[in-house]
Protein chains: 2
Amino acid sequence: MQITLEADYAIRIVYCLAQNAGRMDAKSISEETQVTLRFSLKILRKLVASGIVKSYKGTLGGYEVARPLEEISMNDVIEAVSGPVVISRCVKKDFVCPRQADSQCSCKFQKIFDEISVLVQDRLDAVRFSDLVK
Amino acid sequence: MQITLEADYAIRIVYCLAQNAGRMDAKSISEETQVTLRFSLKILRKLVASGIVKSYKGTLGGYEVARPLEEISMNDVIEAVSGPVVISRCVKKDFVCPRQADSQCSCKFQKIFDEISVLVQDRLDAVRFSDLVK
DNA sequence: ACTATTGTATACTTGTATTGTATACAATAG
DNA sequence: CTATTGTATACAATACAAGTATACAATAGT
């Protein structure tokens with residue numbers, strides 16, 4: 001869909017980790033990014049699940065970026081939290097068009113939306129956190 | 001934000017009017033586009049307000065496209081219904097960033113979102129209904 | 001002038017997805 | 001073995017999109 005607040009937070013969280021070389025615990029991340037602790041944890045879990053962030057349990061636990069900053073794009077982070085960026089719902093993977101009857105009409109728009117969605121994804125993918133940090 | 005169902009309907013309604021040379025009443029539009037009458041009326045009002053569609057009252061009343069199809073873009077229609085297409089809320093006109101303190105951080109992202117939003121708008125503006133109809 | 005037909009305007013209801021929270025659990029360093 | 005940290009699921013609140021209802025205004029035809 002669009003870039004939600006959650007995705008926006010996710011970007012700030014990764015940015016925060018990218019700047020702060022070394023491990024950070026959730027509380028510090030929450031304080032630095034101004035996102036509530038609970039919500040930070042939720043977002044962090046998604047980032048861990050998609051392999052952008054690594055987590056460590058226990059007393060000296062915390063989070064850190066899982067790979068070089070050149071290999072983490074804005075698109076990666078957004079996709080980890082909200083799924084693929086698409087301009088319209090009819091571009092989504094499991095979308096079933098309720099108007100399949102008038103195929104000569106609906107698909108025309110779908111094609112355009114799809115094309116633009118890819119354009120946006122590519123553009124977001126070109127932005128790497130290595131560029132953002134310096 | 002994103003292209004909502006309402007905007008999607010609006011596109012279909014304009015497309016419907018574009019194909020059907022001549023005046024059409026709301027009921028016919030509703031039937032042809034599969035959008036409920038009430039909702040069609042709501043959308044049509046927005047299209048009239050923004051000068052894309054002209055309306056005529058009375059017994060022989062109805063709606064018709066207000067200008068040549070070459071001069072109506074997909075972006076025009078979407079904007080008429082949902083406002084300017086933006087990728088993130090922080091690109092919106094009257095948005096006040098709650099993080100203005102750390103300006104060296106937030107504005108970096110805002111700039112990128114803004115740039116991509118314009119890209120999408122331009123792309124949508126390049127699609128004219130004259131191209132779609134034929 | 002009257003009436004049926006059409007569009008106009010505002011406000012309200014409903015549905016759904018985002019946003020955020022609570023509770024209970026699992027792993028690990030010291 | 002315990003304090004500290006992350007994990008997982010489910011739940012609640014809010015915001016916004018989607019759709020509806022009611023009352024009103026304008027006009028063509030008679």
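Values reported hereafter were calculated over all heavy atoms of this structure, with side chains retained and with hydrogens, waters and symmetry mates removed. A note on names: the letters A, B, ... follow the listed sequences, proteins ahead of strands, and every chain is numbered from 1.
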Heavy atoms from C-beta onward define the side chain here; which of [options] lies closest to that of [X]?
X       : options               : result
A/Val48 : C/dG30, C/dG20, D/dT7 : D/dT7
B/Lys57 : D/dA8, C/dG7, D/dT20  : C/dG7
A/Thr59 : C/dT8, D/dT4, C/dT6   : D/dT4
A/Ala26 : D/dG29, D/dG6, D/dA18 : D/dG6

Roughly, in whole Å, what's the span from [atom1] in [X] to [atom2] in [N]?
X       : N      : atom1 : atom2 : value
B/Leu5  : C/dA17 : CG    : C1'   : 13 Å
B/Lys42 : C/dC12 : NZ    : P     : 13 Å
A/Arg45 : D/dA10 : CZ    : C1'   : 11 Å
A/Phe39 : C/dT19 : CZ    : P     : 6 Å
B/Leu41 : C/dT6  : CG    : C1'   : 10 Å
B/Arg38 : C/dT14 : CZ    : C1'   : 16 Å
A/Ile13 : C/dT19 : CD1   : P     : 13 Å
B/Leu47 : C/dT8  : CG    : C1'   : 14 Å

*Walk me through it: do B/Ser117 and B/Ile87 pass the test side chain to side chain contact (heavy atoms under 4.5 Å, CB included)?*
CA-CA 5 Å; B/Ser117 297; B/Ile87 280 299; 3.5 Å; yes

_D/dC24 - base-pair partner by Watson-Crick or wobble geometry, distances under 3.5 Å_ =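 Paired with C/dG7.
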
*Pairing nucleotide - C/dG30, Watson-Crick or G-U, each distance under 3.5 Å*: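 Looking at the geometry, C/dG30 pairs with D/dC1.
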
*Closest approach of B/Tyr15 and B/Phe129, non-hydrogen atoms and distance?*
N-CE2, 3.7 Å

*Starting at the 5' end of DNA chain D and moving along, which residue's nearest nucleotide shows up first, B/Glu6 or A/Gly58?*
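Final value for this comparison: A/Gly58.
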
_Nearest-nucleotide 5' precedence on DNA chain D, B/Gly61 against B/Leu37_ = B/Leu37

*From CA spacing to verdict: side chain to side chain contact (heavy atoms under 4.5 Å, CB included), A/Arg89, B/Leu5*: CA-CA 8 Å; A/Arg89 68 189 64 204; B/Leu5 249 191; 4.0 Å; yes

Counting only side-chain N and O atoms of [X], is one of them less than 4.0 Å from OP1 or OP2 of [N]?
X       : N      : result
A/Tyr63 : D/dT5  : no
A/Thr4  : C/dA17 : no
B/Arg89 : C/dT19 : yes
B/Tyr9  : D/dG19 : yes
B/Ser55 : C/dT6  : no

_Geometric cation-pi criterion, A/Arg23 with A/Tyr56: 6.0 Å, 45°_ =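 Pair A/Arg23/A/Tyr56 counts as cation-pi.
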
_Check against side chain to side chain donor-acceptor pair (under 3.5 Å), B/Asp25 and B/Ser28_ = CA-CA 6 Å; B/Asp25 69 332; B/Ser28 309; 2.5 Å; yes

_A/Glu6 and its salt bridge (Lys or Arg N to Asp or Glu O under 4.0 Å) partner, picked from A/Lys42, A/Arg12, A/Arg45, A/Lys46_ =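 Among A/Lys42, A/Arg12, A/Arg45, A/Lys46, the one that satisfies the salt bridge (Lys or Arg N to Asp or Glu O under 4.0 Å) with A/Glu6 is A/Lys46.
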
